[in-house]
2 protein chains.
Amino acid sequence: MTREPHGPDSGRSVIRRPASIKDVAAAARVSPTTVSHVLSGNRPVNEQTAARVRSVVNRLGYVPASLARSLQAGSTSVIGLMIPDISNTFFAELAKGAEDAAHDLGYGVILCNTEFDAEREDRYLGMIRSRFIDGMVYASGSPPSRRRLEALMGRFPIALADEEVDGLEGALIATADHEAGGRLVGEHLRELGHRRALMLTGPRELKSGVARAGGFVKAFQGQVTERVGDFKEYSGYRLVSELLAAGDPDFTAVFAANDLMAFGALLALREAGLSVPHDVSVVGFDDIRAASLAHPSLTTVHQPAYDVGRTATAQLLQYVTRGEVPPASRHTLPVELKVRASTAPPAR
Amino acid sequence: MTREPHGPDSGRSVIRRPASIKDVAAAARVSPTTVSHVLSGNRPVNEQTAARVRSVVNRLGYVPASLARSLQAGSTSVIGLMIPDISNTFFAELAKGAEDAAHDLGYGVILCNTEFDAEREDRYLGMIRSRFIDGMVYASGSPPSRRRLEALMGRFPIALADEEVDGLEGALIATADHEAGGRLVGEHLRELGHRRALMLTGPRELKSGVARAGGFVKAFQGQVTERVGDFKEYSGYRLVSELLAAGDPDFTAVFAANDLMAFGALLALREAGLSVPHDVSVVGFDDIRAASLAHPSLTTVHQPAYDVGRTATAQLLQYVTRGEVPPASRHTLPVELKVRASTAPPAR
DNA sequence: GTAGAGATGCAAAACGCTTTGCACAACGGG
DNA sequence: CCCGTTGTGCAAAGCGTTTTGCATCTCTAC
């Protein structure tokens with residue numbers, strides 16, 4: 001434990017002031033202007049002088065303060081990504097796509113995880129108003145924040161990813177083709193020979209869920225019993241259990257509007273002594289990780305969460321880089337039916 | 001389609017210059033100083049004047065530019081979170097914890113998703129050197145970036161979360177108690193009556209996996225066959241299949257160093273006609289979502305990913321807010337054994 | 001009547017960079 | 001010999017804040 005050499009400043013691990021462009025200029029006996037030009041290559045500099053400057057830069061470990069640079073440039077090359085829950089694999093995939101797209105253009109992404117908390121959403125919305133971020137990809141959606149968002153939309157670059165609530169038109173939107181997904185499921189079950197299905201939907205307010213159900217009903221062309229769930233596992237379990245308890249089930253297939261509810265349905269069927277897919281087929285939506293790992297593995301619709309995030313971000317940045325607010329436009333991304341072990345022709 | 005009223009500036013959705021403090025000052029016939037004081041409450045201002053200023057602020061929709069503020073203050077209230085893959089639920093949970101902790105202190109989090117790509121890691125490390133972020137929570141770890149990290153550690157606030165590679169000492173570290181997790185599994189299997197186990201480890205370089213194996217072997221006190229995997233599902237499948245094909249298995253239980261490999265093992269056992277847990281018990285590590293959804297549900301060790309992220313961040317910020325570099329310290333977080341349906345006493 | 005104190009508001013510096021305009025020298029072409 | 005050009009580098013303004021340090025003015029107390 002050696003004693004530190006000098007002064008009161010010694011031992012403590014306080015961060016000392018980093019070298020500024022002035023320090024470099026002084027040490028190289030040139031003006032800050034010249035240093036800037038050497039580093040940016042913005043104007044020619046005598047090679048000998050430039051070499052001297054570079055050597056000082058290295059010696060001092062000088063790195064330009066990006067804050068000052070951003071202030072001067074009027075943009076930060078950072079955007080925000082507003083999502084309700086990063087631990088939800090759907091949003092995690094979406095975030096990955098957004099990060100990739102941003103990275104491609106040299107942009108950074110601030111993670112705005114909201115838990116649908118209005119106070120939190122407000123704080124993050126403040127980042128764009130105070131111009132700390134150049135734009136925002138918005139995939140959240142508590143109703144109060146939606147209203148505030150609308151006010152911002154004309155003045156700041158904002159894009160909607162997988163918008164699930166209506167009332168937000170006139171924006172740049174990237175979303176999966178929910179209706180087509182529902183249609184694919186309908187066709188699949190019909191072709192297997194099913195004629196009576198149980199459809200577990202999400203809350204009515206969420207557009208995506210409604211679109212899934214709509215596409216399904218249209219394509220299935222059979223008898224469909226609808227029950228409203230909340231996209232959580234338990235609601236799938238509860239709804240199916242109730243129907244089974246009420247008597248002989250009037251369906252040979254279950255289409256849940258997302259995988260979680262499908263898992264709940266699986267559990268309820270198993271508890272009732274019904275075998276999947278022999279007695280009843282089950283289909284989900286999302287293709288979360290667990291869908292392929294579960295037993296039986298779940299037939300489901302793969303949502304391109306990654307592409308949704310990537311597209312929304314890439315589109316947004318196209319305008320941000322030009323200092324413009326994006327115009328209204330919709331980008332619908334294709335979905336894919338993953339047929340696995342939970343569907344089969346009906347036994348009866 | 002009505003024609004826009006005036007000038008060349010009209011129709012285009014270009015963002016127009018937002019109001020600055022000077023604009024507000026001019027409109028309220030005071031100095032920028034006074035505006036600043038009204039807004040910050042830093043010095044008293046005549047109530048009548050203040051009211052006038054506030055009204056102008058509202059009318060103009062003035063929001064202080066945080067960039068300028070940060071430049072002046074010398075910090076941005078943003079930190080970075082470096083992780084290899086946000087779509088991995090473990091890191092997503094960790095990120096959520098980090099975001100929560102940051103939010104509590106008014107900090108933002110920049111998502112640095114690296115895919116173990118050195119170029120990408122470098123770019124993000126650049127953000128801290130250019131002082132765009134006040135600190136960094138580091139949960140990634142490609143070897144090249146590790147070396148660069150070491151150089152930065154003394155000069156910038158950096159914390160390690162769930163560090164999985166060695167060579168990085170002298171840092172602030174938050175990690176799960178991997179060894180204790182292994183021990184819990186060992187005790188559990190021993191108490192069930194198992195005497196011969198197969199241990200599927202991760203790569204030798206990853207400290208956490210080594211610790212899990214170490215704890216297990218110590219506590220199990222039986223015969224342990226070790227096989228080295230790579231933490232991916234397929235390696236679990238392959239290793240178990242190979243052993244089964246080679247003849248009568250010399251184990252009644254399998255402990256995989258993570259859930260994914262455990263799933264692979266499950267699959268291999270099922271294909272070989274062995275029943276889990278009747279013929280063989282299987283245990284994983286991590287407690288990812290699919291663990292509870294799989295069939296049979298997986299006995300595993302729950303890792304506090306959220307807490308790891310939260311703790312690392314909270315600890316880091318404690319020093320960042322004081323403008324200090326954190327000292328070396330280790331925070332080990334407790335794990336928990338989740339006993340589910342994949343373990344039972346051995347049949348033979 | 002006057003000194004000290006409080007209230008009130010402004011000017012100016014500072015944060016660290018980029019960019020524009022300008023000065024000076026050297027040089028070649030007409 | 002003069003003018004235009006090219007090379008080289010600096011001074012200064014500007015980006016939008018916050019934070020001193022001062023200058024007034026008005027009280028209050030003695």
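Chain letters run A, B, ... following the sequence lines, proteins first and then strands; every chain starts at 1. Not measured: the values here are computed from a predicted model.
In this structure, the side chain of A/T321 engages the main chain of A/L317 through a donor-acceptor pair within 3.5 Å.
B/R120 and B/Y124 share no side-chain donor-acceptor pair at under 3.5 Å.
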statement: B/S/- along nucleotides 11-16 of chain C (protein heavy atoms under 4.0 Å) is BB-BBB
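Between B/T49 and A/S40, the residue whose closest nucleotide on DNA chain C is further toward the 5' end is B/T49.
Taking atom CG on B/L39 and atom P on D/dT19, their separation rounds to 12 Å, with Å as the unit. Rounded to whole Å, atom P of D/dT8 lies 13 Å from atom CZ of A/R52. One can place CG of B/N46 at 11 Å from P of C/dC10, the figure rounded to the nearest angstrom. Atom CZ in A/R129 sits roughly 14 Å away from atom P in D/dT17 (whole-Å rounding).
In terms of phosphate contacts, B/N42 brings a side-chain nitrogen or oxygen within less than 4.0 Å of OP1 or OP2 of D/dT19. The phosphate of C/dG9 (OP1 or OP2) has no side-chain N or O of B/T34 nearer than 4.0 angstrom. Contact annotation: A/S70 side-chain N/O to D/dC15 OP1/OP2 distance is not under 4.0 Å.
Around CD of A/Q48, the count of heavy atoms belonging to other residues, nucleotides or ligands within 6.0 Å does not exceed 12.
With A/M82 as the partner, the side-chain contact (heavy atoms from CB on, under 4.5 Å) test is satisfied by one option alone out of A/N113, A/L125, A/V137: A/L125.
Remark: B/D122 does not engage B/R129 in a salt bridge, criterion side-chain N to carboxylate O under 4.0 Å. By the 4.0 Å N-to-carboxylate-O rule, A/R54 lies close enough to A/E47 to be salt-bridged with it.
Nearest nucleotide to the side chain of B/R43, out of C/dT8, D/dC22, D/dG9: D/dC22.
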